[in-house]
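Worth knowing before you read on, the calculation uses all heavy atoms, side chains too, and leaves out hydrogens, waters and symmetry mates. Every chain is numbered from 1 and lettered A, B, ... according to where its sequence line falls, protein lines coming before strand lines.
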2 protein chains.
Amino acid sequence: MTETDIRPAPTTVEEFRDRLAAISDDLPKRLRQCADYIAANTDRIAVSTVAELALGADVPPSALMRFCQILGFSGFSGMQRLFRDAYAPGWPDYTTRLTNLKENGAGSPSALLAEFVEAGRLSLESLAKAVDEDALAAAVATLIAADTLHIIGLRRAFPVASYLAYAFEKMDIPAMLHDGVGKLDHRHALRPGDVLLAITFAPYSEETLALAQDARERGLDVVAVTDRLTSPLARHASAVLTVPEVDFGAFRSLSATLALAITLAVAVGSGRQGA
Amino acid sequence: MTETDIRPAPTTVEEFRDRLAAISDDLPKRLRQCADYIAANTDRIAVSTVAELALGADVPPSALMRFCQILGFSGFSGMQRLFRDAYAPGWPDYTTRLTNLKENGAGSPSALLAEFVEAGRLSLESLAKAVDEDALAAAVATLIAADTLHIIGLRRAFPVASYLAYAFEKMDIPAMLHDGVGKLDHRHALRPGDVLLAITFAPYSEETLALAQDARERGLDVVAVTDRLTSPLARHASAVLTVPEVDFGAFRSLSATLALAITLAVAVGSGRQGA
DNA sequence: GATAAAATGGAATAAAAATTCCAAAACGCC
DNA sequence: GGCGTTTTGGAATTTTTATTCCATTTTATC
């Protein structure tokens with residue numbers, strides 16, 4: 001580090017992140033530790049002291065001070081001010097409300113709702129954290145290039161499949177929902193150039209796996225939405241998207257799966273528009 | 001204030017609020033100011049100094065100190081520690097991740113996903129805040145007392161309806177999904193003692209409204225899941241549940257609606273079990 | 001492997017914040 | 001309106017926290 005990069009301090013959290021990313025490479029060992037720890041714990045800056053953060057990053061306080069100055073602040077206090085001002089906790093009374101709901105007694109409808117809301121929220125958060133961006137991009141690319149989309153998802157995955165069918169229809173994308181009504185077998189509808197979008201979670205639906213295998217054997221691309229990379233569906237798929245859904249009791253929240261589904265739909269929709 | 005109420009300090013935000021509410025009445029002028037300001041700005045305790053809060057409450061710092069001690073803390077630092085620690089969960093780096101996803105560029109699949117995840121989360125939070133507990137309890141009671149459940153929800157509400165049908169089936173509750181396949185009209189299946197569970201959002205589906213009206217005219221109870229109390233569906237309903245769903249772009253996240261749906265299903269399921 | 005430059009750790013210092021204490025003011029009661 | 005009690009404001013003190021500085025170690029270069 002030379003002292004030539006005395007640039008003005010970031011004034012927004014955005015700028016802060018940019019600066020952090022920009023300098024993170026080519027930084028000596030201890031300062032790198034600071035950068036890594038701060039990047040992973042940005043949210044704690046507002047409520048911690050130099051000593052606490054230094055302990056967390058496993059560096060002496062003076063190293064952290066130097067780090068703040070390299071970022072352009074006059075010191076730690078300047079950096080902290082940025083985050084204290086921007087600080088807006090996610091509990092403007094939401095957490096309180098949840099607790100109130102649960103206090104109605106275990107098993108009461110309100111308490112159940114609180115549990116499912118929480119399960120949904122956790123699912124969404126895990127999805128954001130765990131999503132494989134490359135796999136997502138690959139799946140979207142595959143779907144954009146397809147002629148007709150075939151969608152299958154049965155039992156608990158059926159709501160997702162039907163939502164996808166609805167979304168594709170809205171966007172004038174040719175799509176066919178294989179819903180198993182009347183035990184009809186529509187596999188002859190799979191034509192070269194088509195793509196199958198299959199959704200299933202443990203215990204995996206036989207019909208879904210069978211259709212995926214069939215599609216694969218005919219040379220079609222298969223995009224899989226499932227719960228684990230080791231899912232049997234993954235074997236037949238060219239792109240696999242996993243969704244870490246949190247269950248409460250016997251029921252899957254589906255929030256995360258639906259968020260992923262609608263993302264696929266809209267991404268494919270806008271991708272095709274441009275094409 | 002006498003000094004006899006030296007009770008132990010609150011150890012959770014809940015306890016804090018309770019204590020605050022308990023003492024807020026019968027407090028001298030300055031301390032009352034503290035209580036009011038703190039109640040309205042609880043979220044800033046973690047990131048403020050005594051001086052800053054005192055300024056905000058328009059009292060001298062020493063008054064705020066006294067206030068902290070009345071609450072049971074040894075001083076301001078003790079109170080602040082509670083909020084700094086409580087703040088730890090919530091976003092263990094979830095927000096960071098969201099920002100990263102969005103940085104992939106507007107319109108990219110990752111950025112879209114971030115938006116939908118956020119929309120889902122907001123929807124769930126609003127649901128928790130806005131849910132009418134009495135209406136929910138009433139709806140559950142109605143559904144428990146029913147002979148057969150009829151479920152209708154078309155277009156964007158169809159995933160919800162199908163999920164409900166799946167859940168009821170899993171729990172051996174007699175339920176019939178009116179899905180409009182083949183333009184078949186199943187209204188003759190509505191029999192006295194049955195209940196209709198109807199779901200629709202603006203723009204409201206004609207078929208759903210018609211079936212609800214029909215059911216109502218035959219004297220059946222109708223439980224409505226919709227977006228506003230003034231929805232046309234509400235006119236035909238004996239119990240109305242509203243879901244404040246946040247949209248992103250043209251698409252509804254459905255997270256909150258599904259959470260509500262699954263709550264209904266499980267509450268009804270356990271209610272019938274006990275009966 | 002010698003030399004210069006950079007990086008580091010920790011002790012010393014400065015600054016800021018929290019906390020106490022008490023004299024003065026306000027209040028309630030007779 | 002006087003008297004005891006409670007409340008108040010602010011200055012003094014203590015504690016915590018941030019920051020600087022420099023001797024020592026590490027690293028890079030030749």
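Spacing between atom CZ of A:Arg81 and atom P of D:dT17 amounts to 18 Å, rounded to whole angstrom units. At whole-Å resolution of the value, CZ in A:Arg32 and P in D:dT27 are 15 Å apart. The CD1-P distance, from A:Ile70 to C:dA7, rounds to 8 Å in whole Å. Rounded to an integer number of Å, the gap from A:Phe67 CZ to C:dA6 P is 20 Å. Nucleotide C:dA17 holds its P atom 16 Å from the CE atom of B:Met79, rounded to whole Å. Atom pair B:Arg66:CZ and D:dT6:C1' shows a separation of 10 Å (rounding to whole Å applied). Regarding A:Phe76, its CZ atom lies at a distance of 12 Å from the P atom of C:dA17, rounded to whole Å. At whole-Å resolution of the value, CD in A:Gln80 and C1' in D:dT19 are 14 Å apart.
Among D:dA18, D:dT20, D:dG9, the nucleotide with an atom closest to any side-chain atom of A:Gln69 is D:dT20. Checking D:dT8, D:dA18, C:dG9 against the side-chain heavy atoms of A:Thr49 singles out D:dA18 as nearest. Considering only side-chain atoms of A:Lys29, the nucleotide from C:dA18, C:dT8, D:dT20 that sits closest is C:dT8.
Non-hydrogen atoms lying under 4.0 Å from DNA chain D are contributed by A:Ser62, A:Met65, all within residues 54-65 of chain A.
The nearest pair of heavy atoms linking B:Glu52 to B:Ser48 is OE1-CA, 3.2 Å. Of all heavy-atom pairs spanning B:Gln33 and B:Asp58, the tightest one is NE2-O, 3.2 Å. Considering every non-hydrogen atom in both A:Glu245 and A:Ser255, the closest pair reads OE2-N, 3.3 Å. Between A:Leu113 and B:Val131, the closest heavy-atom pair is CD2-CG2, 3.6 Å. Closest approach of B:Asp227 to B:Ala202, counting heavy atoms only: OD2-N, 3.1 Å. Across every non-hydrogen atom of B:Pro109 and A:Thr263, the tightest pair is O-CG2, 3.5 Å.
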For DNA chain C, the dot-bracket pattern of Watson-Crick and G-U pairs whose distances stay under 3.5 Å, | for other-strand partners: ||||||||||||||||||||||||||||||

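Judged as a ring pair (Phe, Tyr, Trp, His ring centres under 6.0 Å), the pairs with a partner in residues 8-34 of chain B (not counting sequence neighbours) are, in order, B:Phe16-B:Phe83. Identified under the ring pair (Phe, Tyr, Trp, His ring centres under 6.0 Å) test for residues 17-39 of chain A, with sequence neighbours left out: none.
Looking only at distances, a side-chain donor or acceptor of A:Glu15 sits under 3.5 Å from a matching main-chain atom of A:Thr11.
Dashed line: the shortest gap from a side-chain N or O of B:Ser77 to OP1 or OP2 of C:dA17 is not under 4.0 Å.
The closest side-chain donor-acceptor pair between A:Ser238 and A:Asp221 falls under 3.5 angstrom.
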Worked verdict on A:Leu233 versus A:Ile199 for side chain to side chain contact (heavy atoms under 4.5 Å, CB included): CA-CA 8 Å; A:Leu233 182 58; A:Ile199 309 140; over 6 Å; no

Please tabulate, for the side chains in residues 59-78 of chain B, all donor-acceptor contacts under 3.5 angstrom to protein atoms that are two or more places apart in sequence or on a different chain.
none

Distances for protein N or O near nucleotides 23-29 of chain C N or O, under 3.5 Å:
none

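Nearest-nucleotide assignment on DNA chain D puts the 5′-proximal partner with B:Arg30, out of B:Arg30 and A:Ser74.
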